Amino acid sequence: QVQLVESGGGSVESGGSLTLSCRGSESIYWIYSVTWFRQTPGNQRELVASIAEDGSANYAESAKGRFTASIDNTENVVATLHMTKLEPEDTANYLCYAALAPSFYEYGQRQQTHLWGKGTQVTVST
C-alpha cells in the first residue's frame, strides 16, 4: 500500500522559511485533498492548512499570510507547504493527511484512500 512521507523540516531562526513536502512511496493517480497538521508533545493535532483538488485552500488563522499549501503530484510529490516568517510558536511535528486514489481503477470508482504521514519536525529558534 502506498505510504506518505514528509520531508523538508529542520531548524531555522525566527523569520526564516521552510518548504515541506509530502511524498508518496509510489506513484499516485489522483489527489483529492491534502491537509497539513502540526503537533507538539502532549497536545492535540492542530490543522494548519488544507487544499482541495480544485486548488481551493483554507488556513488556520496563525498560518494565513505566511503559509502556502499546494497539491503537486509530480515525481511522487503529493503536496507542499511553503512556510515563511516562521516563529518559535510554529515549532512542531508537521504531518500530512491525504485523500487520494492510488490507481486509475480507484479513481474511476471514486474510491478514496486516506493516509497519514509520520511527520517532519520543524524547530524555530529566536
Side-chain angles (χ1 to χ4, degrees):
Q1 182 181 7
V2 63
Q3 297 178 337
L4 299 181
V5 179
E6 300 90 338
S7 62
S11 298
V12 296
E13 293 184 349
S14 181
S17 301
L18 285 173
T19 297
L20 307 184
S21 294
C22 177
R23 187 182 299 270
S25 57
E26 55 191 69
S27 62
I28 295 168
Y29 185 81
W30 194 260
I31 301 162
Y32 294 107
S33 66
V34 177
T35 304
W36 288 92
F37 291 85
R38 64 187 182 188
Q39 188 171 25
T40 54
N43 294 309
Q44 291 186 335
R45 287 176 181 172
E46 174 191 12
L47 189 149
V48 176
S50 63
I51 183 164
E53 59 184 315
D54 64 0
S56 59
N58 292 290
Y59 298 91
E61 283 298 320
S62 61
K64 287 181 180 178
R66 300 190 299 129
F67 295 3
T68 304
S70 62
I71 288 178
D72 196 329
N73 205 16
T74 59
E75 298 184 1
N76 289 10
V77 176
V78 172
T80 61
L81 181 67
H82 182 55
M83 306 186 296
T84 65
K85 302 176 183 177
L86 286 164
E87 304 165 351
E89 292 74 21
D90 296 316
T91 295
N93 187 41
Y94 284 71
L95 308 97
C96 66
Y97 173 75
L100 50 85
S103 70
F104 173 75
Y105 173 79
E106 289 165 293
Y107 176 75
Q109 296 294 316
R110 297 299 289 180
Q111 294 177 2
Q112 294 190 11
T113 296
H114 297 261
L115 298 174
W116 282 97
K118 294 183 178 181
T120 184
Q121 179 66 34
V122 172
T123 302
V124 185
S125 59
T126 56

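Note that the structure is a prediction, hence the values are computed from the model and not measured.
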message = Quick check on the hydrophobic clustering: are I71 and V5 connected, directly or via other members, by side-chain heavy-atom contacts under 4.5 Å?
response = no
ask   = Does F37 reach the side chain of N93, with side-chain heavy atoms less than 4.5 Å apart?
value = no
key: Heavy-atom donor-acceptor pair, T113 side chain to A101 backbone, under 3.5 Å   = no
Throw together a table of side-chain donor-acceptor distances under 3.5 angstrom for residues 20-32, partners on residues two or more places apart or in other chains.
from: R23; atom 1: NH1; to: E75; atom 2: O; distance (Å): 3.0
from: S25; atom 1: OG; to: Q3; atom 2: N; distance (Å): 2.8
from: W30; atom 1: NE1; to: E53; atom 2: OE1; distance (Å): 2.7

ask   = After noting the C-alpha distance and the side-chain angles of Y59 and T68, does the key distance pass the side-chain contact (heavy atoms from CB on, under 4.5 Å) rule?
value = CA-CA 8 Å; Y59 298 91; T68 304; 4.0 Å; yes
request  = Output the distance between atom NZ (K85) and atom CG (D90), rounded to the nearest 0.5 Å.
outcome  = 12.5 Å
key: ILVMFWY cluster, V48 and Y97 together (side-chain gap under 4.5 Å)   = no
remark   = Of all heavy-atom pairs linking T80 and S70, the shortest is OG1-OG, 2.6 Å
request  = Quick one: pull up CD in Q111 and OG in S103 and give me the separation to the nearest 0.5 Å.
outcome  = 8.0 Å
key: Rounded distance (nearest 0.5 Å) linking atom CG of L95 with atom OG1 of T35   = 11.5 Å
Closest non-hydrogen atom pair, G119 against E6 = N-OE1, 2.7 Å
request  = Quick one: closest heavy-atom pair of T120 and G9, and the distance?
outcome  = OG1-N, 3.1 Å
remark   = On a heavy-atom basis, the closest approach of G8 and L18 is O-CD2, 3.7 Å
task = First locate atom CD of E46, then atom CH2 of W36, and finally report the distance between them rounded to the nearest 0.5 Å.
result = 14.5 Å
Euclidean distance, S62 OG relative to E87 CD, rounded to 0.5 Å = 8.5 Å
ask   = Can you tell me how far the OG atom of S14 sits from the CD atom of E89, to the nearest 0.5 Å?
value = 8.0 Å
inquiry  = Less than 4.5 Å apart, side chain to side chain, heavy atoms only: is that true for M83 and L81?
reply    = yes
ask   = Does Q121 reach the side chain of T91, with side-chain heavy atoms less than 4.5 Å apart?
value = yes
task = Might you confirm whether atom CD of Q44 has over 12 heavy atoms from other residues, nucleotides or ligands at distances under 6.0 Å?
result = no
